[in-house]
Amino acid sequence: MAVLTKAPRGTRDLLPGEIEKWQLVEKKAAEACRLFGYGEIRTPVFEHTELFLRGVGETTDIVSKEMYTFRDRGDRSLTLRPENTAAVARAVAEHRLYAGVQPLKLYYVGPMFRYDRPQAGRYRQFHQFGVEVFGTGEPTMDAEVMALAMFFFRSLGIAGLELRVNSVGCPACRGEYRQALQERLKEKANRLCADCTERYEKNPLRILDCKKEKCREVTEGLPVLTDSLCGECGDHFKLVLAALAEVGEAFAVDPRLVRGLDYYTKTAFEIISPALGAQSSICGGGRYDNLMEELGGPAMPGIGFAAGLERTVLAMEAAGAFAEPPGLMDVFVATAGAVGQEKALGIVMNLRSAGIAADKDYMERSLKAQLKYADKKGARLIVILGEEELQVGAVTVRDMGAGRQETVRLADLAGYLAVLLKEER
RNA sequence: GUGGGUGUAGCUCAGGUGGUUAGAGCACCAGAUUGUGGCUCUGGGGGCCGUGGGUUCGAGUCCCAUCAUCCACCCCA
């Protein structure tokens with residue numbers, strides 16, 4: 001297909017019939033955030049490239065091979081945001097939002113961009129609903145953020161999700177553990193798979209998460225990070241888990257869970273939907289206590305998550321959580337005989353002004369074809385403008401469901417229809 | 001970046017071993033006697049057979065390349 005009639009790879013159009021699902025998801029996100037006390041923030045879809053290099057980390061996959069980076073006409077290097085935490089932190093620093101009351105609780109919904117190979121549940125332009133909290137390192141906030149994510153999914157009718165929690169420690173204890181791990185793996189490194197050989201240098205923690213049988217054998221019996229946390233990180237982790245238990249949120253501790261972004265500290269979590277296939281991670285998040293300072297803002301702890309909305313919609317579809325979208329037409333105004341369409345337009349406009357979703361024919365159709373069209377569009381009532389009735393100031397109103405029709409005075413039409421429509425609901 | 005599957009009508013798909021004008025169902029439009037939907041019947045519009053090369057007298061069909069798409073790896077939401 002020609003490029004002119006094809007959306008770019010990894011992007012897609014949301015068409016009528018599909019978009020209603022997204023409207024519902026966005027509405028539920030806003031509702032949940034209102035209940036939890038989060039205010040909405042909207043940041044630009046592109047930022048200075050430097051922000052993501054610093055914020056996300058230069059060695060991460062996202063930064064090193066997945067960014068949409070370009071130069072503008074002023075020769076600035078800009079990047080379509082691959083995630084939004086760094087950008088929200090930037091906005092908080094820029095507008096000195098930290099000077100207000102804390103904790104600062106924010107949420108966002110919007111498109112993100114990563115140059116990835118598309119597959120089920122993965123796109124180059126995808127959408128995230130996320131929250132970010134700044135100003136507190138208190139463990140119950142970690143639990144609240146996770147509870148908010150679960151609350152959101154539950155409100156959409158998605159069940160069977162798994163919440164996996166881990167602690168990746170702080171730079172100090174994670175660094176020590178990382179070194180110890182490399183030591184322990186040193187001699188066995190040649191027995192690892194090709195991917196893990198690369199991970200050995202870049203991100204050895206990930207080797208523990210490899211699915212390959214031979215790597216599993218190599219890593220069996222090795223100590224896990226959660227057993228090697230420093231005092232502060234360990235205590236924090238315990239308190240987070242206790243708070244989660246207190247709110248009654250089911251979870252599994254997964255010591256192998258590693259996040260791909262550099263800024264995470266302490267709590268890391270992920271929500272999995274078993275209904276989704278390979279890309280089953282529907283939400284990921286964690287604490288980032290050093291990010292704000294790293295970006296040049298004040299030292300200030302933070303925590304948040306990002307939920308993938310494409311995957312959320314897929315999970316809802318798998319759960320059969322969508323109702324039929326309502327029709328866009330309450331009333332169709334048809335013309336019979338020699339009655340002109342301008343007459344119909346006048347009546348349609350009156351009905352619309354009265355709050356009734358009304359429409360008419362624009363295709364020069366016969367009466368029969370007009371009814372057929374109205375039926376297909378889901379019109380509940382038809383107003384038929386006939387020459388003879390109009391002469392005495394009346395029209396015919398036909399109830400499509402019941403198949404009945406009545407003659408109504410034109411002056412009473414809007415009120416009459418409103419009553420009928422109300423009854424049917 | 002790597003691997004595998006698939007590209008024929010708007011959609012879902014047929015089109016043994018290459019052989020005239022490429023089919024079906026659904027959808028769309030019209031009609032079945034004057035101004036009445038759904039069901040049924042009849043008719044109609046629609047296809048550079050993804051694209052470009054090649055083999056051949058002849059390619060939707062075989063070969064190569066390319067693009068797209070799907071799935072998986074990687075990574076992540």
Side-chain angles (χ1 to χ4, degrees), chain A residues 1-3 5-12 15 56 60-66 81-85 109-130 149 153 193-196 198-199 202-203 206 209-212 257-261 269-273 276-285 304-315 332 334-339 363-390 395-405:
Chain A
M1 201 181 293
V3 72
T5 53
K6 184 80 186 84
R9 180 161 210 205
T11 69
R12 58 181 190 158
L15 308 176
V56 179
T60 60
D61 279 30
I62 290 177
V63 168
S64 64
K65 49 191 198 194
E66 294 174 2
R81 61 185 184 192
E83 61 99 50
N84 210 27
T85 299
V109 176
M112 307 295 155
F113 306 84
R114 292 184 201 170
Y115 188 87
D116 243 9
R117 193 103 172 236
Q119 79 182 72
R122 193 168 74 189
Y123 300 88
R124 288 183 173 178
Q125 175 177 337
F126 60 102
H127 298 77
Q128 289 185 331
F129 155 49
F153 292 124
C193 71
D195 285 327
C196 282
E198 244 180 78
R199 290 180 182 128
K202 229 172 106 180
N203 195 349
R206 241 177 224 302
D209 205 23
C210 187
K211 296 166 194 94
K212 301 244 166 54
L257 175 65
V258 179
R259 306 266 75 214
L261 290 68
F269 67 95
E270 192 165 49
I271 298 171
I272 305 288
S273 164
L276 287 193
Q279 305 303 318
S280 59
S281 174
I282 197 171
C283 176
F305 70 70
L309 296 188
E310 279 77 5
R311 293 176 190 180
T312 298
V313 169
L314 285 172
F332 182 87
T335 56
V339 176
M363 300 296 287
E364 301 179 324
R365 283 186 242 254
S366 66
L367 175 62
K368 188 174 186 149
Q370 289 182 55
L371 291 195
K372 208 169 188 169
Y373 167 78
D375 185 46
K376 267 181 258 186
K377 295 293 273 188
R380 317 227 303 274
L381 300 171
I382 307 281
V383 174
I384 299 169
L385 310 183
E387 275 181 277
E388 290 155 30
E389 298 98 304
L390 277 181
V395 297
T396 300
V397 174
R398 180 174 177 80
D399 184 318
M400 293 294 266
R404 277 192 309 263
Q405 59 187 51

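Each chain gets a letter, A, B and so on, in the order the sequences are listed, and its residues count up from 1.
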Paired with [N] by Watson-Crick or G-U wobble geometry, both distances under 3.5 Å: which nucleotide is it?
{"N": "B/G7", "value": "B/C67"}
{"N": "B/A30", "value": "B/U42"}
{"N": "B/C13", "value": "B/G23"}
{"N": "B/U2", "value": "B/A72"}

Given atom [atom1] of [X] and atom [atom2] of [N], what is their separation to the nearest angstrom?
{"X": "A/H127", "N": "B/A77", "atom1": "NE2", "atom2": "C1'", "value": "12 Å"}
{"X": "A/R124", "N": "B/C75", "atom1": "CZ", "atom2": "C1'", "value": "14 Å"}
{"X": "A/R117", "N": "B/C67", "atom1": "CZ", "atom2": "P", "value": "11 Å"}
{"X": "A/Y123", "N": "B/A68", "atom1": "OH", "atom2": "P", "value": "17 Å"}
{"X": "A/R9", "N": "B/U66", "atom1": "CZ", "atom2": "P", "value": "14 Å"}
{"X": "A/K376", "N": "B/A27", "atom1": "NZ", "atom2": "C1'", "value": "9 Å"}
{"X": "A/Q405", "N": "B/G37", "atom1": "CD", "atom2": "P", "value": "10 Å"}
{"X": "A/F153", "N": "B/A77", "atom1": "CZ", "atom2": "P", "value": "12 Å"}

Expressed as a whole number of Å, how far does the [atom1] atom of [N] sit from that of [M]?
{"N": "B/U17", "M": "B/U12", "atom1": "C1'", "answer": "28 Å"}
{"N": "B/C48", "M": "B/U66", "atom1": "P", "answer": "25 Å"}
{"N": "B/G31", "M": "B/C67", "atom1": "P", "answer": "49 Å"}
{"N": "B/U21", "M": "B/A14", "atom1": "P", "answer": "24 Å"}
{"N": "B/A24", "M": "B/G15", "atom1": "P", "answer": "15 Å"}
{"N": "B/G38", "M": "B/U34", "atom1": "P", "answer": "15 Å"}
{"N": "B/U2", "M": "B/A77", "atom1": "C1'", "answer": "22 Å"}
{"N": "B/G52", "M": "B/G46", "atom1": "C1'", "answer": "26 Å"}

Residue-phosphate contact under 4.0 Å: [X] side-chain N/O, [N] OP1/OP2:
{"X": "A/K372", "N": "B/U36", "result": "no"}
{"X": "A/R365", "N": "B/C29", "result": "yes"}
{"X": "A/R311", "N": "B/C76", "result": "no"}
{"X": "A/Q119", "N": "B/A72", "result": "yes"}
{"X": "A/R259", "N": "B/A77", "result": "yes"}

Review point. Is any NZ, NE, NH1 or NH2 atom of the basic residue among A/E83 and A/R114 found under 4.0 Å from an Asp or Glu carboxylate oxygen of the other?
Key: no

Review point. Would you call A/K202 and A/D61 a salt bridge, taking side-chain N to carboxylate O under 4.0 Å as the test?
Key: yes

Taking any heavy-atom pair under 4.0 Å as a contact, classify [X]: base, sugar-phosphate, or nothing.
{"X": "A/Q279", "result": "base"}
{"X": "A/E66", "result": "sugar-phosphate"}
{"X": "A/G284", "result": "sugar-phosphate"}
{"X": "A/E387", "result": "base"}
{"X": "A/A374", "result": "nothing"}
{"X": "A/I384", "result": "base"}

Practice item. Give a yes-or-no answer on whether the side chains of A/E270 and A/S281 include a donor-acceptor pair shorter than 3.5 Å. Key: yes

Check your understanding: So, A/R122 side chain and A/R117 main chain: donor-acceptor pair closer than 3.5 Å or not?
Key -> yes

Revision key, fill the gap. Note: for A/K65 and A/E389 on RNA chain B, the residue whose nearest nucleotide lies more 5' is A/E389

Revision key, fill the gap. Taking for A/S280 and for A/G10 the nucleotide of RNA chain B with the nearest heavy atom, the one nearer the 5' end belongs to A/G10

[atom1]/[X] to [atom2]/[Y] distance, rounded to the nearest 0.5 angstrom?
{"X": "A/Q125", "Y": "A/Y115", "atom1": "CD", "atom2": "OH", "answer": "15.5 Å"}
{"X": "A/I282", "Y": "A/E310", "atom1": "CD1", "atom2": "CD", "answer": "11.0 Å"}
{"X": "A/C193", "Y": "A/E198", "atom1": "SG", "atom2": "CD", "answer": "10.0 Å"}

Revision key, fill the gap. From the candidates B/C73, B/U36, B/A77, the one with an atom nearest any side-chain atom of A/D195 is B/C73

Revision key, fill the gap. Checking B/C73, B/G35, B/A72 against the side chain of A/T396 (C-beta onward), the nearest is B/G35

